[in-house]
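The block underneath contains the structure these notes are about, expressed in C-alpha cells.
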Amino acid sequence: MASKAATSSSIPTADLESFSSHLQSSRRILALLGAGLSASSGLPTFRGAGGLWRTHDAVSLATPEAFQADPGLVWQFYNYRRHMALRAQPNNAHYALAQLARKTRDFETLSQNVDGLSQRAGHPGDKLHLLHGSLFDIKCGEFFCDYVQKDNFTNPVVPALAIPTGEIDPTSNAARGARELDISDEKVELPEVAIRDLPHCPKCKTGILRPGVVWFGEALPRDTIRYIDDWIHATNKIDLILVIGTSAKVYPAAGYVDTARARGARVAVVNTERTDAPGSGLTKKDWFFQGDAAEVVPQILKPIIGELETRAQQA
Ligand code: APR
C-alpha cells in the first residue's frame, strides 16, 4: 500500500432525508472502513492526534524496513496494539454495520482496520474483507516461507512482550496484580527485547514471526482484491458506497471510492473532519455526515436496521 494526498473540493451538506430514500432503494452497497470507526472504542487513528506512538510516527513502524531494522521495537508496538484491541469493545457503528451487512443481500465491506472489532460485533465474515490483514494473524517474516497462524489471541504474544508493570520481577505475584504501564508514553522505559525472545517460525525454523498486517510497500491480499474486483465489475451497477472513518489517503484502498463511483455509486462519508473527503472529492449527489461514527452510523442506517442490537461476541 502507499499514501497519497486527497484533493480538496466543496463538501455537500448532509441531507438525511435524501440519503434515507437512496439507502432504502439501494440494492448493491459497498462500505470502506477506516480507523475512525474504532476511535470511540478507544483505539487511536493513524493520522492526526494519536498518530504518534512514543516518539515514532505509527506509519513509520508499519514497514518491512522498520521490522528488519528493529523487530523487537516493531513487535512491542504491535503487541501493544493487540493488547489495546483486545481490551476495546465494538461500538455502535460496528454493530450497525454488522446489521446492515446481515440485512442487505448484495453488500460487501472493505475494512482497512486490523483490530478485530467488526468481527466481534458479529459482522458476517463472508461480507468483510480485510484489506490490511489482522493484528491477530501471525506469519513468518521470511519471503520463502508461507507459515500463517490465523486468530492468535495470545496476549502477550510471547512472555518477553508483556507490558511492563514497574515491578522488578515480571513473574512475581505482585507484578501480575500490578497496574500495567502505558508504553505509548515515551517517558515509560521500554525493556529491551532480544531477538531470541521474539516468536519464531515453527515451520522454516529460521524466520521471526511478524504481525499479519499489510505494511507500506507491500501488496494487498491477492484473493481479496480479485474477489472485490469481480464484485465491483459484476453486471449490475453499485448504488452506494459508505466511506466511514477513513482519511482515504492510503492507496489502493482509497481508490475504491472512485472505482465504485465509476460503477454508478453515490458516495456517503461519515467523518469527524470535513477536510477528509475521499478520492477526487465529493459532488452534489453525495453526502457528508460530520460526526463520531459511533453516533452517526446507527442514526443514518436506521431506515434499514431499525433499533440497534449490541450483543458482543467474544474474540
Ligand atoms: N468518527 C468518524 N471518523 C473519525 C473519528 C470518529 N470518531 N475519529 C477520527 N475519524 C476520522 C479522521 O478524521 C480521519 O479522517 O477517521 C480518519 C482516520 O484516518 P487515518 O488515521 O488515516 O486511518 P485510515 O484511513 O484507516 O488509515 C488507512 O493507513 O497507516 C495505514 O494501515 C494503516 O489501515 C491504515 C491506513
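FYI, side chains are in, hydrogens and waters are out, and symmetry mates aren't considered; it's all heavy atoms of this structure. Just follow the structure's listing: the first ligand is 1, and inside any ligand the first atom is 1.
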message: If you count every heavy atom of other residues, nucleotides or ligands that lies below 6.0 Å from F143 atom CZ, does the total exceed 12?
response: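 Counting neighbours around CZ of F143, 12 or fewer heavy atoms of other residues, nucleotides or ligands fall under 6.0 Å, so no.
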message: Counting only heavy atoms from other residues, nucleotides and ligands, does the tally under 6.0 Å from CD of E192 exceed 12?
response: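 At most 12 heavy atoms, drawn from other residues, nucleotides or ligands, come within 6.0 Å of this atom.
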- request: Mind checking whether Q112 contacts ligand 1 via backbone (N, CA, C, O), side chain (CB onward), both or neither, at a 4.0 Å heavy-atom cut-off?
  value: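 Looking at Q112 and ligand 1, atoms from backbone and side chain both fall under 4.0 Å.
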Ligand 1 contact on S247 by region, counting heavy-atom pairs under 4.0 Å: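 Within the 4.0 Å criterion, S247 contacts ligand 1 through backbone and side-chain atoms alike.
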- request: Before giving the answer on side chain to side chain donor-acceptor pair (under 3.5 Å), spell out for T206 and E142 the whole-Å C-alpha distance, their side-chain angles and the decisive distance to 0.1 Å.
  value: CA-CA 8 Å; T206 53; E142 292 293 351; 4.5 Å; no
Is there any N or O on [X] that sits under 3.5 Å from an N or O of ligand 1?
X    : answer
A39  : no
V250 : no
F216 : no
N113 : no
V270 : no

- request: Please answer: with hydrophobic residues joined when any side-chain heavy atoms are less than 4.5 Å apart, are L130 and F107 in the same cluster?
  value: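 In one cluster: no.
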What atoms of ligand 1 come closer than 4.0 angstrom to any heavy atom of [X]?
X    : result
G245 : 3 (N), 16 (O), 17 (C), 18 (C)
G34  : 26 (O)
T246 : 15 (O), 16 (O), 17 (C), 24 (P), 25 (O)
A35  : 23 (O), 24 (P), 26 (O)

task: Indicate yes or no: does D239 engage R28 in a salt bridge with an N to O separation below 4.0 Å.
output: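 Looking at D239 and R28, the cut-off is not met.
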- prompt: Charged N to carboxylate O under 4.0 angstrom, K139 versus E218?
  reply: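 Salt bridge absent between K139 and E218.
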message: Is H132 close enough to touch ligand 1? Criterion: a residue heavy atom under 4.0 Å from a ligand atom.
response: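 In this structure, H132 qualifies as a contact of ligand 1 - some heavy atom is under 4.0 Å.
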field: Residue-ligand contact G291/ligand 1, heavy atom below 4.0 Å
entry: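 Yes; G291 lies near enough to ligand 1 that a heavy-atom distance drops under 4.0 Å.
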query: Sequence neighbours excluded, which residues qualify as side chain to side chain contact (heavy atoms under 4.5 Å, CB included) partners of Y227?
result: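 Testing Y227 for side chain to side chain contact (heavy atoms under 4.5 Å, CB included), a comparison that skips the adjacent residues, returns E108, H129.
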query: If you measure from atom 3 (N) of ligand 1 to every heavy atom of V297, L33, D115, T272, which option wins on shortest distance?
result: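 Result: the heavy atom closest to atom 3 (N) of ligand 1 is in T272.
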message: Would you call the rings of W287 and F19 parallel, tilted or perpendicular, taking 30° and 60° as the class edges?
response: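 Ring orientation of W287 relative to F19: perpendicular.
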- prompt: Which value, rounded to the nearest 0.5 Å, describes the distance between R87 atom CZ and L43 atom CG?
  reply: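 So the gap between those two atoms works out to 10.0 Å.
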